[in-house]
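Sequence lines set the chain letters: A, B, ... in the order given, protein chains first and strands last, and positions in each chain run from 1.
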Protein chains: 2
Amino acid sequence: MSERDSQPAKSGKRATINDVARVAQVSKKTVSRVINQSPFVREETRARVQEAIDELGFVPDPQARGLAFRRSFLVGMIYDQPSPTYVVNMQQGILDALKGSGLELVVHPCSRTSPTLLKDIRGFVERQRLFGVIMPPSVSEDETVIELLRELDTPYVRIASIALDQPQNMVVTNDWIGAAEAARHLVDLGHRRIALVRGLASFRSSVVRGQGFIDALKERGVNLPPAYDIQGAYTFDSGREAAHALLSLPEPPTAIFTLNDDMALGVMQAARERGLELPRDLSVVGYDDLPMAAHIWPNLTSVRLPIRDMGRMAAEKLLAPMRGVDPARLQQPEIRPSLVVRRSAIQV
Amino acid sequence: MSERDSQPAKSGKRATINDVARVAQVSKKTVSRVINQSPFVREETRARVQEAIDELGFVPDPQARGLAFRRSFLVGMIYDQPSPTYVVNMQQGILDALKGSGLELVVHPCSRTSPTLLKDIRGFVERQRLFGVIMPPSVSEDETVIELLRELDTPYVRIASIALDQPQNMVVTNDWIGAAEAARHLVDLGHRRIALVRGLASFRSSVVRGQGFIDALKERGVNLPPAYDIQGAYTFDSGREAAHALLSLPEPPTAIFTLNDDMALGVMQAARERGLELPRDLSVVGYDDLPMAAHIWPNLTSVRLPIRDMGRMAAEKLLAPMRGVDPARLQQPEIRPSLVVRRSAIQV
DNA sequence: CTGAAAGCGCTTACAG
DNA sequence: CTGAAAGCGCTTACAG
């Protein structure tokens, strides 16, 4: 059966590239050229094909395209991020950028401590022939995963607080500044005995945020004594324990900055267990600005990261080549966190 | 080039069904039969094919299979659920069930108030030829969406607090019981002036939970006067406003039950704005048991729903036909919420 | 129980 | 600038 002989698309069945070719009186190859925005099509021909596409409501089948291209139209988000808010906001941002592109988002949580991590990711990426992969911390900081993706020749974008890779593969957040703002805020409120509760040392964000905090304190002439520099683990319980340790010191701090909000809640809990009144007896500043930060008592002053924008920018980098944009020339606005001032930190 | 002549798979290239056929000395159709677990293969042949599959590390290409099957290996989660914790937990549960099946999860947030809702969903489901769709509330309660999925002949599972559909298409949560437990708990603590703050009336969960609460109060001989029955909107602000109204009454309640945790936080906020001390002056019980419920002060007593299990069960229903399980005979354990007792509600 | 042919809906490589 | 042929890696429908 030759192309020209084929029946018109039955109603209820999707139009195919053959239907468009027949209606537009061209070969399917030419239709393919139009779909793929090849420059080698006469304007008149392109218009005729486009008309047929619109008339038939033709949408190319991603499975068939993927099979021929040897690449699917799926973007994978691989993450070990424990915060649901972070994950959902980032998914939303990625979807913002993917809208209208025909790409879909496939989610793939993982655990960096799993012995099968690499095998799992390889299976996922290879089997689906992913269009690309987006990774937030901390899996974005795992070089063995990156090596694997390079070996599989799969485009990827890493989100991290340090430029670990080439610009087209990175969305960098300036976590140094976020923590520095928190430090300045506390000093400006008159605090001098200010403590820091860090997150897991294996997270780059913890190191960068800690440094920003210390540097900014120093700028303002305030020192962070070792006893005020506590290693936490990004969990509520670790924040609570750190606060108990700090508040037991002969000279306890008047303010505590924690490198995420969960630990800030732990600090507040510990303070109350010791009979302190908040924020009168202790100022607290967190990092993340979770939705509940505005809803607890006292409202938590916290550093906000534009997670959704970060997801969108990561996806845009992945899409750049498809859109004919040189990824190297993509605008690289620095991601700057901002301090959301509420009532958990007050004048001392 | 006949199948038998084809070169062995180059290293670095994935083995195909042709490679397996050659090694096992059978036609590719027979390999296909083995992949698809057809019973019409001699055991000896099957073993030989399986051996070749293992030797070559063959994994069928989902795109090629999908193209031939006219159905992809993608499960869509379509949701308008605003709670990040709910969304992430449900995704996790779905992925638990999908593990090892070769299916992947594609996420698709939506808005029921969008004028393009049906067009968007149609485009998504039709274009991707989804294997199936899973929907939590409230989009799961939208009959126009369901009609569309039926028209597109796409399997789906709805999660809701009422059996809106046939068993194989439903995961039903017993929200009546969850709210009833909260009511009994408050009465058992000695409360008699107990108020209810509902969620959006357009959500079935709000209606069912409200009914469970009222019914259980009545069982215990406690009445819910109209002034104690407030319509909220599942938001922090609506909880706060409701509490201000309730606490302004000549006979204010000694306990307030809110149909989600966000509103419980709003109630706590209002109480503090009025100078009340919690939980001494007001008991509060929420619904959802968000992670922060355990981390705020006072710790929030709340009703917990096993969201992850619900996601897993929904995905298992979708997989049943593929696994040769009769969906009608699938076990249908009732999803029972449980009350997590903490310190926000105390003896009056 | 097994297989050769045709097809799923696209693209690549080669011509012209 | 355009097209006929071959192919991507599978399955369906039909034989035997």
Side-chain angles (χ1 to χ4, degrees), chain A residues 1-7 9-10 13-22 24-49 53 56-73 102 126-129 131 322, chain B residues 1-7 9-10 13-22 24-49 53 56 58-73 102 126-129 322:
Chain A
M1 183 170 75
S2 92
E3 285 176 21
R4 297 296 155 87
D5 293 339
S6 59
Q7 298 301 309
K10 296 144 201 148
K13 275 213 146 192
R14 287 163 54 171
T16 73
I17 197 171
N18 286 315
D19 299 320
V20 176
R22 187 169 28 75
Q25 310 257 48
V26 296
S27 75
K28 60 202 241 190
K29 175 58 202 160
T30 297
V31 179
S32 172
R33 287 200 181 88
V34 172
I35 297 169
N36 292 293
Q37 315 195 43
S38 156
F40 305 113
V41 183
R42 224 188 335 162
E43 179 48 36
E44 182 196 313
T45 313
R46 169 191 309 285
R48 190 147 39 89
V49 171
I53 288 177
L56 295 169
F58 169 69
V59 183
D61 183 319
Q63 306 225 59
R65 288 229 292 170
L67 182 59
F69 269 137
R70 288 162 198 75
R71 178 127 293 181
S72 76
F73 292 89
E126 208 169 21
R127 183 156 27 85
Q128 301 298 328
R129 301 178 188 271
F131 181 89
M322 184 196 223
Chain B
M1 182 172 77
S2 94
E3 286 177 22
R4 297 295 156 87
D5 294 338
S6 60
Q7 298 300 310
K10 294 143 201 150
K13 276 213 145 193
R14 287 163 54 169
T16 73
I17 199 173
N18 287 315
D19 300 318
V20 177
R22 187 168 26 75
Q25 310 257 47
V26 296
S27 75
K28 62 200 239 190
K29 175 58 205 161
T30 298
V31 178
S32 173
R33 288 201 179 86
V34 172
I35 296 170
N36 292 295
Q37 315 193 47
S38 157
F40 304 114
V41 183
R42 228 191 330 165
E43 178 47 35
E44 183 195 312
T45 314
R46 170 193 306 286
R48 191 148 39 88
V49 170
I53 287 177
L56 294 169
F58 169 69
V59 183
D61 183 318
Q63 306 225 61
R65 288 228 292 168
L67 183 58
F69 269 137
R70 287 163 199 73
R71 176 127 294 180
S72 76
F73 292 88
E126 207 169 22
R127 182 157 26 87
Q128 301 298 327
R129 300 176 188 273
M322 185 195 221

| query | CD/E126(A) to CG/D61(B) distance, rounded to the nearest 0.5 angstrom? | reply | 11.0 Å
| request: Measure from CG on N18(B) to P on dA4(C) and round the result to the nearest Å. | output: 12 Å
| remark: DNA chain C nearest-nucleotide lookup for S32(A) and A64(B): closer to the 5′ end is A64(B)
| query | Can you list the steps and then say if I17(B) with I35(B) is a side chain to side chain contact (heavy atoms under 4.5 Å, CB included)? | reply | CA-CA 10 Å; I17(B) 199 173; I35(B) 296 170; 4.2 Å; yes
| field | Side-chain N,O (T30(A)) to OP1/OP2 (dG3(D)) below 4.0 Å | value | yes
| note | Any stem touching DNA chain C, meaning at least three consecutive Watson-Crick or G-U pairs under 3.5 Å, ordered by first number, would be C:1-3 with D:14-16, C:5-12 with D:5-12, C:14-16 with D:1-3
| What is the distance from CZ of F73(B) to P of dC10(D), rounded to the nearest Å? | 11 Å
| query | Considering only heavy atoms, which members of residues 35-47 of chain B lie under 4.0 Å from some atom of DNA chain C? | reply | P39(B), F40(B), V41(B), R42(B), T45(B)
| Base, sugar-phosphate, or nothing: which does V59(A) touch, judged by heavy atoms less than 4.0 Å apart? | sugar-phosphate
| Over how many whole Å does the gap from F69(A) atom CZ to dC8(C) atom P extend? | 20 Å
| query | Which nucleotide in the set dG9(D), dC10(C), dG3(D) lies at the smallest distance from any side-chain heavy atom of L67(B)? | reply | dG9(D)
| query | Taking the side chain of T16(A) as its heavy atoms from C-beta onward, which of dT11(D), dG9(C), dG3(D) lies nearest to it? | reply | dG9(C)
| Quick one: which of dC10(C), dA4(D), dA4(C) gets closest to the side chain of K29(A)? | dA4(D)
| field | Distance (rounded to the nearest 0.5 Å) between I53(B) CD1 and D19(B) CG | value | 11.5 Å
| task | To the nearest Å, give me how far apart CD1 (I53(B)) and P (dG9(D)) are. | result | 16 Å
| message | Using a distance-only criterion (donor-acceptor N/O pair, under 3.5 Å, no hydrogens), is the base of dG7(C) paired with the side chain of R70(B)? | response | no
| query | Among dA13(C), dC10(D), dT2(C), which nucleotide sits nearest the side chain of D61(B)? | reply | dC10(D)
| remark: Rounded to whole Å, CD1 of I17(B) lies from P of dG3(C) at a distance of 12 Å
| task | Tell me what F58(B) touches on the nucleic acid: a base, only sugar-phosphate, or nothing, going by heavy atoms under 4.0 Å. | result | sugar-phosphate
| field | Of the listed nucleotides dT11(D), dG3(D), dC10(C), the one nearest the side chain of R33(A) | value | dG3(D)
| request: Using only side-chain N and O atoms of S27(B), determine if any of them is under 4.0 Å from OP1 or OP2 of dG3(C). | output: yes
| query | Do side-chain atoms of R46(A) reach the backbone of S38(A) as a donor and acceptor pair under 3.5 angstrom? | reply | yes
| query | Separation of R48(A) atom CZ from dC1(D) atom P, in whole Å? | reply | 15 Å
| For G66(B), does its backbone N or O pair with a side-chain atom of S72(B) as donor and acceptor, under 3.5 Å? | no
| note | From the candidates dC10(C), dC10(D), dG3(D), the one with an atom nearest any side-chain atom of K28(B) is dC10(D)
